[in-house]
Amino acid sequence: MPIFDPKQYESKWLDIWEKNKTYSTPQPRDSQKQYILDMFPYPSGAGLHVGHPRGYIATDVLSRYYRMRGYAVLHPMGWDAFGLPAENAAIKEGKNPQDLTKNYIANFKRQLRSIGFSYDWDRELATTDPAYYAISQWLFILFFYLGLLYKKNVPVYYCGYCKTGLAQEEVLSDGTHERCGNVVEQKELFQWVFKIPEYAESLLSGIDELNWPEGIKAMQRNWIGKKEGLVIHHEVEGLDYHLDTFTVYPAFSYADSYIVVASEHPVVSLILTAKQADGTDSTALRHYIDTVETLTREQKIADVKEKKGVFTGYYAIDPLTGGRLPIWVANFAMMDFGTGAIRCSAHDARDREFAKKYGIPVKSVVNDSVGAPIEASAKKGVLENSASFTGRDVSEVEQEMVEWFVSQGFAKQSTNYHLREWIFSRQRYWGEPIPMIFCDRCADLGKTAWDEDVLASTGFGLGYIDTFKRNLEQRGQSTRFITESRSMMSGWFPLTMDRLPLELPYLESYSANTEGKSPLADVFVWKKATCPCCGGPAEYETDTMPNWAGSCWYFLYFAHDSSSRGQMLPNVMRGESPFDKDLLDSWLPVDTYVGGAEHAVLHLLYSRFWIHVLNDAEIVNFREPFTSLYNQGMVLAPGGGKMSKSKGNVINPDSVIAEYGADALRLYEMFMAPFSQEVAWSTESIQGVYRFLKKVWQLCSSTDHLADGSKDEDQETFRELQKLVHKVESDMTDVKLNTIISACMEFMNVWASASSGLPRRLTKEHVSDFLKILAPFAPFITEELWSIVLGNTTSIHQSQWPVYRRSISEDKEIVLAVQVNGKLRSTIRISTSMEESDVVALAEQEKSIQKWLQGEGLSIDLCKREGAKFCNP
RNA sequence: GCCGGGGUGGUGAAAUUGGUAUACACGCAGGUUUUAGGAACCUGUGCAGCAAUGCGUGGAGGUUCAAGUCCUCUCCCCGGCACCA
């Protein structure tokens, strides 16, 4: 037998697996499927570092395991290849991102291949493939027709470095762009916008059923940010204006003594005009507003640390008391929360601080034992000075108060969401072209895409709008939005179905447009279009989609094999959905989804949104795309800290494989820590798994450890093997992959240990069983030993998982801990068939126990552990 | 401030869900072998103590025959959100 040298066999097996299509996707069978998916990577020029494959190894282990258990497994890989980094790199190098991306993908694929993943490469996809983005475009048109996607002027976050507008979700809390770290600015642009808030409730309630990490679920709930409260209406003295405030603590309303509004609040400009008209002094207010307007986003954030404001000189009438509430402009009132106006009292720390600074009187209606006002957020206490509600407990009276306010016409109940419309336009070249045409003339005539003649000629499946509407109505969801934006969309027409895909033109080189437009806007030949409505000259939309477009639905594409993929465009042209419903039904939803936590409110939220909509349009039969989600923890550089090119501390999987082989890389990445945990790479610790593999090699290939027949077999090792099978099965279910490797090591330690000076032997069959258990983790060495030593001609990865034999795994004798009053005093070896009373009697005879039993009320306690007969139920 | 996740040897971490705390691995120490090694193998390794034994899972209480695990309070670390009314 040759010495252990992974290089000798790893590349050989890669070729054989590829040639034999060892990992091709089988026909799905209903209850027996597992769709195991990685968040597909964004191919970059830097290639992979050892952090990237951590999640991929976990899904690969699970996929291999479930295949051996007889499941039909779908385990594909693809490329999220549109997007900013590749485009920025391309501009820098004066190249087209298409060419760069091709190279990046090739390098990623080479690296992934060398790790021995069992992807079905026949199902590979790239979002940049026109055949793929044709369907992204079809979906765009669908959402447009459903009234969920429309174009309007909006203030957007704009990245001056990437020269594009962004979605709110892409801006981090420090005001920087999540991709490039540049501080964003605000800009008003004409943008395609998704009405995702219409799905706030649907997205929120769906979270409960997900088997996802709590943190991610909490982030989504938080991002959707549902708040139920009360909007109170006020007349403003001397102004023809109704000022609405929002509160989630209506029970404290009788304490309110002033109102603050955001500087952008419409009432402020009204007041300024009114002041000008009646000649009152407005300089202080005007000065304040002018100063605020010059502040950037980050300056505003910093500014709010100190509460500032100015009195407007106007008063609102409190509908509750008829009293006058002075209206102030204040920096802590945010226009994008609630109504942008707040009633203030002593029950809020901010309000108190502001009132103290400017000498505004405050009141309180609930006080603690020393007379200090209780914070409204505590929602407790007994009301004072609250008209007919005085003397009542806050917690019990709130609903009654709300109902009374509403019945008096003072207020209305209102639900507020943090979730904002999703801005879907990017002023970039490297994205899916938006399949829309704008015609000036038709716009003037008020023609829309929903006009019957236009609709019919587009070739789009018309039934979806009705189906969609019907399902929303059945759920009691508002359908107003479906038609609401149509009048704003006159002159905008989707491409006819036979024109899909709208291909991105190949540009030799180009630079970013600095005026808030896409580079495509400068390509006059390309953007010229014919109006699908009047046949006259028109223009294509020149903005492109964000790279979320491709990732929102790629898991649907993977469910399609090459022939059903070929049917997608023909389906669309027949006015049908592109998808093969049978294939979707049999594979989806994704059972196990693995990726980084940074997508919590980006990809994961957007995908859920699209699928909820597709479900309402009855294009898919499931509502939640990802049943179970696991986040892999980051792999830090040795000693801690992020790996980065600039620090020169990046560990490349290529070099690890060159030194130790792919099996050791895989094993170490799974062994180093629970896989959701952040962990630093250790160049020393990887030696441990390398030694283990070497031991596996030596034992399995040595005839000393091989039994001729079952008579020759070491029973203890065989029993350990049965326990191992059981342990692995339960840990796989819990996705605790690190402890499976520990268990394999423990088994090896037993097998390798001498028994009365002789090596322990296992039969060929049981050596096979051990190799099968290890195969999902270390596919190369197990395949080599399976083939060379055990003489198999088929792949171990297509073999059946060993059968767990419980009767064999049960010990005849165990070591039982004996405690006296809860403290461990001794251990005794007992037969598992013994009765409890006999064991106690046996323990009482032990000298080491007896000495602890001298005294009052002391007794023996046996640890109820699995194994002994009397412990089992 | 709010939400989520954590605190166990020198290090990465286990612990059958209330039953022998520190499995497995790294590192370290001593030894064997080798011309030599950063190789291989063996032994040891929570702390204190010669020992019996005592102490020990961030801290303080509690429940229990028995607590890393359950309850109450508290401190610290990581991630997310945020003057959210």
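Order of the sequence lines fixes the chain letters, A, B, ..., with proteins taken first and strands second; residue numbering starts at 1 for each chain. Here the structure is a predicted model, which means the values were calculated and not measured.
- rC78(B) and rG58(B) are spaced 15 Å apart, taking the C1' atom of each and rounding to whole Å.
- In terms of position on RNA chain B, the residue among Gly688(A) and Pro674(A) whose nearest nucleotide sits closer to the 5' end is Pro674(A).
- With both ends at atom C1', the span from rA52(B) to rU69(B) equals 31 Å, rounded to whole Å.
- The environment of Lys357(A) atom NZ is dense: over 12 non-hydrogen atoms of other residues, nucleotides or ligands sit within 6.0 angstrom.
- Nucleotide rG44(B) is matched to rC28(B) when pairs are restricted to Watson-Crick or G-U wobble geometry with both distances under 3.5 angstrom.
- Pairing partner, rG1(B): rC81(B), with both Watson-Crick or wobble hydrogen-bond distances short of 3.5 Å.
- As judged by a 4.0 angstrom heavy-atom cut-off over every strand, Ala333(A) is placed among the base-contacting residues.
- With a cut-off of 3.5 Å on both Watson-Crick or G-U wobble distances, the partner of rA67(B) is given as none.
- Within 4.0 Å (heavy atoms only), Ser742(A) reaches at least one base atom of the nucleic acid.
- For the 3.5 Å distance criterion, the side chains of Arg352(A) and His347(A) fail to qualify, holding no donor opposite an acceptor.
- With rounding to whole Å, Glu353(A) atom CD is found 15 Å from rG1(B) atom P.
- Spacing between rC47(B) and rU11(B) at atom P, rounded to whole Å, works out to 12 Å.
- As rounded to whole Å, 16 Å separates atom C1' of rG4(B) from atom CG of Leu210(A).
- Residue Lys736(A) places at least one side-chain N or O under 4.0 Å from the OP1 or OP2 atom of rA15(B).
- Checked by distance alone, Glu678(A) brings no side-chain donor or acceptor within 3.5 Å of a matching partner on the base of rG79(B).
- rG9(B) takes the syn form, because its glycosidic angle lies no more than 90° either side of 0.
- Here the separation of rU74(B) from rG30(B), taken at their C1' atoms, is 45 Å to the nearest Å.
- Taking side-chain N and O atoms only, Asn222(A) has no distance below 4.0 Å to OP1 or OP2 of rC84(B).
- Separating the P atom of rC65(B) from that of rC75(B) is a span of 32 Å, rounded to the nearest Å.
- The six-membered or imidazole ring of Trp212(A) lies away from that of Tyr593(A), with a centre-to-centre distance of 6.0 Å or more.
- Counting non-hydrogen atoms under 4.0 angstrom, Phe671(A) reaches a base of the nucleic acid.
- Note: CZ (Arg221(A)) to P (rG4(B)) measures 9 Å, nearest angstrom.
- Atom CZ of Arg825(A) is separated from atom P of rA66(B) by 13 Å (rounded to the nearest Å).
- Taking atom C1' on both nucleotides, rA23(B) is separated from rU72(B) by 32 Å, rounded to a whole Å.
- Residue-to-nucleotide proximity on RNA chain B shows that, of Ser682(A) and Gln677(A), the 5′-proximal contact is made by Gln677(A).
- Rounded to whole Å, the P atom of rG68(B) lies 13 Å from the corresponding atom of rA60(B).
- No side-chain N or O of Glu659(A) forms a donor-acceptor pair with one of Tyr690(A) less than 3.5 Å apart.
- In this structure, CD of Glu746(A) is placed 14 Å from P of rU16(B), rounded to the nearest angstrom.
- Proximity note for Phe246(A) (side chain, C-beta onward) versus rC84(B), rA85(B), rG12(B): the nearest is rA85(B).
- Looking at heavy-atom distances under 4.0 Å, Pro213(A) makes no contact with the nucleic acid at all.
- Using cut-offs of 30° and 60° on the angle between ring planes, the pair Trp328(A) and Phe354(A) is perpendicular.
- Summarising the base pairing, rG49(B) is matched to no nucleotide, lacking a Watson-Crick or G-U wobble pair whose two defining distances lie under 3.5 Å.
- Atom CG in Leu816(A) sits roughly 14 Å away from atom C1' in rA66(B) (whole-Å rounding).
- The residue Thr827(A) sits close to a base: some heavy atom pair falls under 4.0 Å.
- Put simply, Gln819(A) has no side-chain N or O that comes within less than 4.0 Å of OP1 or OP2 on rG19(B).
- A 3.5 Å limit on both hydrogen-bonding distances identifies no Watson-Crick or G-U partner for rA21(B).
- In this structure, the NZ atom of Lys727(A) is 13 Å from the C1' atom of rU17(B), given to the nearest Å.
- Taking atom CE of Met634(A) as the reference point, atom C1' of rG5(B) lies 14 Å away to the nearest angstrom.
- Judged purely by distance below 3.5 Å, without hydrogens or angles, the side chains of Ser809(A) and Tyr804(A) pair a donor atom with an acceptor atom.
- Of the candidate nucleotides rC84(B), rA21(B), rG5(B), rA21(B) has the atom lying nearest to any side-chain atom of Leu824(A).
- A side-chain N or O of Tyr417(A) and one of Glu201(A) form a donor-acceptor pair less than 3.5 Å apart.
- Among the heavy atoms of the strands lying under 4.0 Å from Glu306(A) is at least one base atom, whether or not backbone atoms are also near.
- Taking the six-membered ring where the residue is Trp, Trp223(A) and His418(A) present perpendicular rings, their angle passing 60° and hence far from 30°.
- The phosphate of rA14(B) has OP1 or OP2 within less than 4.0 Å of a side-chain N or O from Asn738(A).
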Where protein sits on nucleotides 28-49 of chain B, one letter per nucleotide: B base, S sugar-phosphate only, - none, heavy atoms under 4.0 Å | ------------S---------
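- Among the atoms of the strands shown, none is found under 4.0 Å from any heavy atom of Asn331(A).
- Contact check on Arg760(A) versus Glu716(A) returns a salt bridge, with a Lys/Arg side-chain nitrogen under 4.0 Å from an Asp/Glu carboxylate oxygen.
- Listed nucleotides rA85(B), rG12(B), rG4(B) differ in distance to Ala218(A); the shortest reach to its side chain belongs to rG4(B).
- With hydrogens and angles left out, the side-chain atoms of Asp351(A) and Ser345(A) include no donor and acceptor closer than 3.5 Å.
- A 3.5 Å limit on both hydrogen-bonding distances identifies rU72(B) as the Watson-Crick or G-U partner of rA60(B).
- Separation of the C1' atoms belonging to rC73(B) and rG18(B) is 22 Å when rounded to the nearest angstrom.
- With 3.5 Å as the limit, one finds no donor-acceptor pair spanning the side chains of Asp244(A) and Thr339(A).
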